[in-house]
Amino acid sequence: MKLGAQGRVLTVTLAHSGCTNDALQRYWLNHHAHRLIKAIGKVEDSLKNQYLSESNLDLVKQTVAVLERQWLSWTLHITPTSEFEQALYTLKELQQWQANDIAAFRAKYIQYYANKYQHFFDSVEAQPLTAAQRQACIIRDDSHLLLAGAGTGKTSVMVSRAKFLVYSDVATPEQVLLLAYGSEAAKELKQRAGESFECLTFHALGMLVIAAVEGKQPQLSELTNDAKKRFRFVQDTLQVLCLQPGYKGLFEQFCIKECHIQPNLDLAEFIRSARCKAVIAHITSLLSVYKNVVALGQLTRIASQQSDLLKCLTPIIDEYQSYLDTEGAIDFEDMIAKAIAYIEADRFNVPWQHIMVDEFQDLSPIRAELLKALMKAKNKRYLFAVGDDWQSIYRFSGADITLTTQFEAHFGRVTITALDKTFRYPQDVLDISSRFVCANPHQLKKYVKSARTETGPTLQMETVECEANTLEKVLAQLNDKGEACVLLLARFHKMLPSRDELVDLQGKFKALKIRAMTFHAAKGKEAEYAVIMGLYEGHTGFPANRPIQPLMEAMLPARETFSFAEERRLFYVALTRAKRRVYLFKPQDNACRFLAELEIKSNTH
Ligand SMILES: Nc1ncnc2c1ncn2[C@@H]1O[C@H](COP(=O)(O)OP(=O)(O)OP(=O)(O)O)[C@@H](O)[C@H]1O
């Protein structure tokens, strides 16, 4: 402050008094030139030693604006030292920086570090990283979203980037947090990145924060851990509530409007009956969603839309919450909500400077709040998010795709980069699946090439009369070709071979490792071959078209306007699992509408 104030006084004197006395200028420079040299040196160091993030750019611009007023608003009449002249030159250059200069500067920085750490990038994973993967490791903006399609090596980037931060002395492993969607993925990250890194699910992160603040591990409610107990709790609560005349009507309406089930006249008997199972199961899922809605402050909006349905749910929630309180325990929702509260109240000292999130497209609003709380905690933090809006398939459990597609609106300025090569599936699968998913104009565009060299029909459509027969034929052909993994995929479990049938198939085709799973479960998996089954239209078919219950619908993130948007992405996930070939079983009648869009010729069996 003092320096600036002195400088400004003298600048005014020199510039406006008409005094151009060389001796005075020399005197001024002798005493103050080192300040410009030092300030420019500091700017240069920050530009050299760290990626020019948006917030660094702001700082540079602010510094340049101050220096500009002090040093460029008057004419120099004497010959300065070369050091001062150089500083002045740099200041003038910085003053004139345009968007393209900034982009070029950043590109040079990336190139410099890609060369400097070439050996690391060549050897950190089994295969050398691509240029785009290296770039994703080097860029360190305040927020960085890496958007990339299936099989482009996103997980490789997560692992390599964490290791690079440590290898290049930017961070210690303790300063890096890797967040994954599920515990299996978190375990894989830990295995690949190394024990010293914290690799957690959001719930595990919540537990860690609460344990640190409260000084002991929080106790998880038995209703959270045990689905049967949770079911029984809701059942018993309903029995008691339905003794109240005022509640009876609310519950009947709830069964009809929310679950399309007409309850028996004897409600106590109905609640114990098999018909009521679906209602109770639905209420147990609403418990979790409701708590998130409350934590996000959205209850008033829901109440204005679905007040009667909510009136039926609220007393059950109240009972549930007092049960937890009596137990002195928490549930999964509390893990996140409490952690947010502790971080926001500054009761948890956030040790991580680099927060890296995998499968970002599956983020829910409440998890986004947890991330924002971490990012807002004291000291500088960097957010690195890896995701693929084309694979966002979890709205039913709260995922909000707009957190990815409108990242900036939620998390502020961001650098978005992409991965441009898929290593998993051949070019024609890439072309067809990308075209298919982008029929929804709201999906972000991606430009990817396949690194695989397979030729021939890698996406094969078989018109089938009997799926089981065609499956045997296809497996027999593959079995003859030699050892391989085969994924049998369908929208729902019931469309796949049963466990016993699978054992039979495995016994017959010994060269193959056959696994059957739903489209959802196939996310992140890969195999040589994939067979996609159950591709028929209808209430129980694909795309699934059962409407979500009104209260649940109101509590989930807003539905997309494009019809079957999520079912389309699910099909994209299924199409992109195989390295060599995908078989699509097309029923003779009533084939799934998506098949016509793929425009592939069909073989008949
Ligand atoms: N630079 C690379 N060179 C060669 N193969 C690579 C490279 N990076 C990743 N791979 C391979 O590509 C395949 C896909 O990688 P990975 O599972 O990380 O992709 P992903 O983008 O996370 O996929 P998905 O989104 O479908 O889960 C893996 O077999 C991985 O070993």
Side-chain angles (χ1 to χ4, degrees), residues 114 117-138 145-164 178-182 184-193 199 356-363 384-394 399 401 404 417-427 429-430 433-434 437 443-444 446-454 484-485 487 489 517-530 532 569-580 582:
Y117 291 101
Q118 183 177 347
H119 177 70
F120 171 87
F121 290 125
D122 283 346
S123 55
V124 62
E125 283 278 274
Q127 301 286 335
L129 298 191
T130 63
Q133 287 175 316
R134 290 170 201 227
Q135 169 180 284
C137 294
I138 295 168
L145 172 63
L146 177 67
L147 264 184
T152 49
K154 294 189 287 295
T155 315
S156 295
V157 172
M158 278 291 282
V159 171
S160 308
R161 193 172 185 279
K163 288 184 176 175
F164 180 64
L178 291 97
L179 286 170
Y181 188 70
E184 213 183 299
K187 237 185 250 163
E188 187 195 333
L189 283 177
K190 184 124 190 148
Q191 230 166 30
R192 288 173 61 178
C199 303
M356 301 175 51
V357 189
D358 202 5
E359 306 280 16
F360 197 78
Q361 73 283 346
D362 295 328
L363 197 70
F384 178 70
V386 181
D388 180 8
D389 62 301
W390 293 4
Q391 295 187 73
S392 172
I393 55 173
Y394 284 110
I401 191 173
T404 302
T417 59
L419 295 180
D420 51 3
K421 232 182 231 178
T422 181
F423 300 97
R424 182 177 300 139
Y425 44 93
Q427 189 65 41
V429 173
L430 172 75
S433 59
S434 307
V437 81
Q443 301 294 163
L444 302 173
K446 302 193 187 80
Y447 302 94
V448 183
K449 285 268 163 236
S450 172
R452 296 194 69 88
T453 52
E454 275 80 358
C485 291
L487 292 179
L489 306 174
M517 59 186 76
T518 62
F519 295 164
H520 279 102
K523 178 122 156 304
K525 306 277 190 312
E526 62 182 17
E528 275 76 24
Y529 302 99
I532 308 185
R569 292 191 290 267
L570 260 179
F571 199 40
Y572 169 80
V573 168
L575 287 171
T576 52
R577 297 304 101 192
K579 297 186 206 174
R580 294 200 200 139
V582 183

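Note that these values count all heavy atoms, side chains included, but never hydrogens, waters or copies made by symmetry. We count ligands from 1, going down the list as the structure has it; atoms in each ligand are counted the same way.
For Ala451, the closest heavy-atom approach to ligand 1 does not fall below 4.0 Å. Within the structure, the closest approach of Asp388 to ligand 1 does not fall below 4.0 Å when heavy atoms are considered. By the 4.0 Å heavy-atom criterion, Gly524 is counted among the residues contacting ligand 1.
Ligand-side atoms of ligand 1 in range of Ala150: 25 (O), 26 (O), range being under 4.0 angstrom from any heavy atom. The ligand atoms of ligand 1 that sit less than 4.0 angstrom from a heavy atom of Gln127 are 2 (C), 3 (N), 4 (C), 5 (N). Numbered from 1 in the order shown, with element, the atoms of ligand 1 that lie under 4.0 Å from a heavy atom of Arg577 read 26 (O). In the vicinity of Pro128, heavy-atom distances shorter than 4.0 Å reach the ligand 1 atoms 1 (N), 2 (C), 3 (N).
One option in Trp390, Tyr425, Phe121, Phe423 has a heavy atom closer to atom 7 (C) of ligand 1 than any other, and that option is Phe423. Between atom 21 (O) of ligand 1 and the options Lys525, Met158, Lys154, Glu526, the minimum heavy-atom separation is to Lys154. Considering each of Gly153, Gly387, Ala185, the one bringing a non-hydrogen atom nearest atom 19 (O) of ligand 1 is Gly153.
The side-chain heavy atoms of Phe519 and Ile393, taken from C-beta on, include no pair separated by under 4.5 Å. The shortest distance between side-chain heavy atoms of Gln135 and Val157 does not fall below 4.5 Å. Considering only heavy atoms from C-beta on, Tyr394 comes within 4.5 Å of His520 through its side chain. Residues Val573 and Trp390 form no side-chain contact, since every pair of their non-hydrogen atoms from C-beta on lies 4.5 Å or further apart.
Put simply, atom 31 (O) of ligand 1 has no protein non-hydrogen atoms near it, under 4.0 Å away.
Side-chain atoms of Arg577 never come within 3.5 Å of backbone atoms of Lys523 as a donor-acceptor pair (strictly under, hydrogens ignored). Judged purely by atom type and a 3.5 angstrom limit, Arg424 uses its side chain to pair as donor or acceptor with the backbone of Thr576. Judged by distance alone, with hydrogens and angles left aside, the side-chain atoms of Gln391 form no donor-acceptor pair with the main-chain N or O of Asp388 at under 3.5 Å. Side-chain N or O atoms of Gln133 include none that pairs as donor or acceptor with a backbone N or O of Ser156 at under 3.5 Å.
Under the 4.0 Å criterion applied to side-chain N and carboxylate O atoms, Asp420 and Lys446 are not assigned as salt-bridge partners. Looking at Lys154 and Glu359, no side-chain N of the basic residue comes within less than 4.0 Å of a carboxylate O on the acidic one, giving no salt bridge.
Residue Ala126 does not touch ligand 1, judged by heavy-atom distances below 4.0 Å. Neither the backbone nor the side chain of Lys523 has a heavy atom within less than 4.0 Å of ligand 1. Residue Lys421 does not touch ligand 1, judged by heavy-atom distances below 4.0 Å. Of all the heavy atoms of Thr155, the ones lying under 4.0 Å from any atom of ligand 1 are found in both the backbone and the side chain. When non-hydrogen atoms are compared, ligand 1 lies under 4.0 Å from neither the backbone nor the side chain of Glu125.
Each of Leu419, Thr152, Thr404 was evaluated against Leu147; a single residue qualifies, Thr404, per the side chain to side chain contact (heavy atoms under 4.5 Å, CB included) test.
Among all protein heavy atoms, the one lying closest to atom 9 (C) of ligand 1 is Ser156 OG, 3.3 Å. In terms of protein heavy-atom proximity, atom 17 (O) of ligand 1 is closest to Arg424 NH2, 3.8 Å.
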